[in-house]
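Heads up, the thing below is written out as structure tokens.
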Number of protein chains: 2
Amino acid sequence: MTTTSANSGRPRNRATGEGGARRRGKGSAALASERREHLVRLAAELFAEKGYQATTVRNIADEAGILSGSLYHHFDSKESIVDEILAGFFNEIMAAYRKVIDEGKDPRETIAGLVRIAFGTLEPHRAAITVMQNDWNHLKSVERFAYLTRSEDEVERMWVDTIKAGQEQGLFRPDIDPKLTYRMIRDTVWVAVRWFRPGGRLDSQGLADHYLKVMFDGINTH
Amino acid sequence: MTTTSANSGRPRNRATGEGGARRRGKGSAALASERREHLVRLAAELFAEKGYQATTVRNIADEAGILSGSLYHHFDSKESIVDEILAGFFNEIMAAYRKVIDEGKDPRETIAGLVRIAFGTLEPHRAAITVMQNDWNHLKSVERFAYLTRSEDEVERMWVDTIKAGQEQGLFRPDIDPKLTYRMIRDTVWVAVRWFRPGGRLDSQGLADHYLKVMFDGINTH
DNA sequence: GTCTATAAAGCGATAGAC
DNA sequence: GTCTATCGCTTTATAGAC
């Protein structure tokens, strides 16, 4: 599990995020890590339900069937729990975005790739996205979470540059504003976290397809 | 945002004490005192900044230059403040929506009208929209705010019916999902409250125009 | 209409027993 | 690894003086 650059400068390594290498050891370190991972997942469910600020450490402890004080055996603070969730999300999505950009396909395919990646995170990173939307204003003013703003800036550059390239190549209409269009896309994707539930009529890629259809060609008949 | 600027003038609400003797304005239901209105506006600014739950009554009192206890001379509870803000917003937007629907224009014009109304509320109802987005999950489970869900359902029906009518008349493509499309539009408009600030490059109707352009015809060149 | 003063509950976090 | 017990602080809200 490589720790990519989204949160460099952190004093100590954190346990692996989801999808990482499985620990096979049966030592106490491995058990501790699994316990910790489990608690992070419980916290994530609650954050996804109502956001970070609105979730109390007592809520998390209740969910785990322990007392709130016991949580502090595993975590320094409530902040460090959400940090773990957010950093995992940002590391993953940034890496995926960069890969698509580096493939250097034409702007239409690149935009479609970015959109698909974004929709694909709705399910596995529901908590991070909810927190991002509900608690952004609070978190961005906390020194520890400065990496959020840095990552967002990098992401914006990727999208806006791609849209501009598409306009220069005559693929996208010249009379749309690249930054405004980026925001429209970004917001529409993330906000779906409020109502999207896997197992419904459409999965996240069906949602992405519908969105790409409307975004590229509009709802008008031609 | 400073204390006095929003309500310059501060006319005659003086002789009316409290304790029963209400001032009857011209009209029916006793105009709320201007002091009260001023306080609601201050609270709204704070709710718009960081949401309802994250705003404390002390924050509101500080902004007004009084102590938190003094607020309870004007309001029953923090809930009743946000209720006033939300009810005002919903009353206004529902009336405006209904008017557009009742004009019975063709679906394209009707959708454009609804979109313009929605964008038009971004500025005057910033607080209500922010609260709607940040605290919806919390508020909808409070009995007092059951009207929020009812209004939302009615709004959804208006949009979805209009989109379906447009499809039946051959104006909108048949391969888009009406409900999904409604959600896309709704979310994209409201989420703009996070970054839209009047006085920027585009006003809210410029934003609406850009959005309608993309939504009707897409970003592709044809 | 605002103040002083405070209640009752909840918050994040800590210390030390087991 | 969890519990008991609690600290210091903040929260919404109330009572009564002025």
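Here is the naming used below: chain letters follow the sequence lines, and residue numbers restart at 1 for every chain. Being a predicted model, the structure only gives us computed values, none of them experimental.
Annotation: of the two residues near DNA chain D, A:S68 and B:Q53, the 5′-most nearest-nucleotide partner is A:S68. Residue-to-nucleotide proximity on DNA chain C shows that, of A:N59 and B:L39, the 5′-proximal contact is made by B:L39.
The separation between A:K78 atom NZ and C:dA13 atom P is 8 Å, rounded to whole Å. The distance from atom CG of A:L71 to atom C1' of C:dC11 is 14 Å, rounded to the nearest whole Å. In this structure, B:F75 places its CZ atom 12 Å from P of C:dG1, rounding to the nearest Å. Separating the CD1 atom of B:I60 from the P atom of C:dT2 is a distance of 14 Å, rounded to the nearest angstrom. Summarising the geometry, the separation between CD on B:E37 and C1' on C:dG1 is reported as 17 Å, rounded to the nearest angstrom. Between B:E79 atom CD and D:dA13 atom P there is a gap of 8 Å when expressed in whole angstrom units. As a whole-Å value, the separation of A:I66 CD1 from D:dA5 C1' is 17 Å. Counting to the nearest Å, the C1' atom of D:dT14 and the CG atom of B:D76 are 12 Å from each other.
Within 4.0 Å (heavy atoms only), A:L67 reaches at least one base atom of the nucleic acid.
Comparing C:dT2, C:dA13, D:dT11 by their closest approach to the side chain of B:R58 singles out D:dT11. Comparing atom distances between the B:R35 side chain and each of D:dT12, C:dG1, D:dT2 picks out C:dG1 as nearest. Of the listed nucleotides (D:dT2, D:dA13, C:dC11), C:dC11 has the atom at the smallest distance from the side chain of A:T56. Residue A:Y72 has its side chain nearest to C:dT14 when only C:dT14, D:dT12, C:dT2 are considered. Distance from the side chain of B:S70 is smallest to C:dC3 among C:dC3, C:dG12, D:dT11.
In the model, A:D83 has no side-chain atom that pairs as donor or acceptor with a side-chain atom of A:S80 under 3.5 Å.
With B:K50 as the partner, the side chain to side chain donor-acceptor pair (under 3.5 Å) test is satisfied by one option alone out of B:T55, B:T130, B:N59: B:N59.
Here B:E152 does not pair with B:K140 in a salt bridge; the nearest charged N to carboxylate O distance is not below 4.0 Å. Taking a cutoff of 4.0 Å between a charged side-chain nitrogen and a carboxylate oxygen, B:R186 and B:E156 do not qualify as a salt bridge.
The cationic group of B:R183 lies under 6.0 Å from the six-membered ring centre of A:W195 and within 45° of the ring axis, placing it in a cation-pi geometry.
Taking 4.0 angstrom as the limit, B:H73 places none of its side-chain polar atoms (N or O) nearer than this to OP1 or OP2 of C:dT2.
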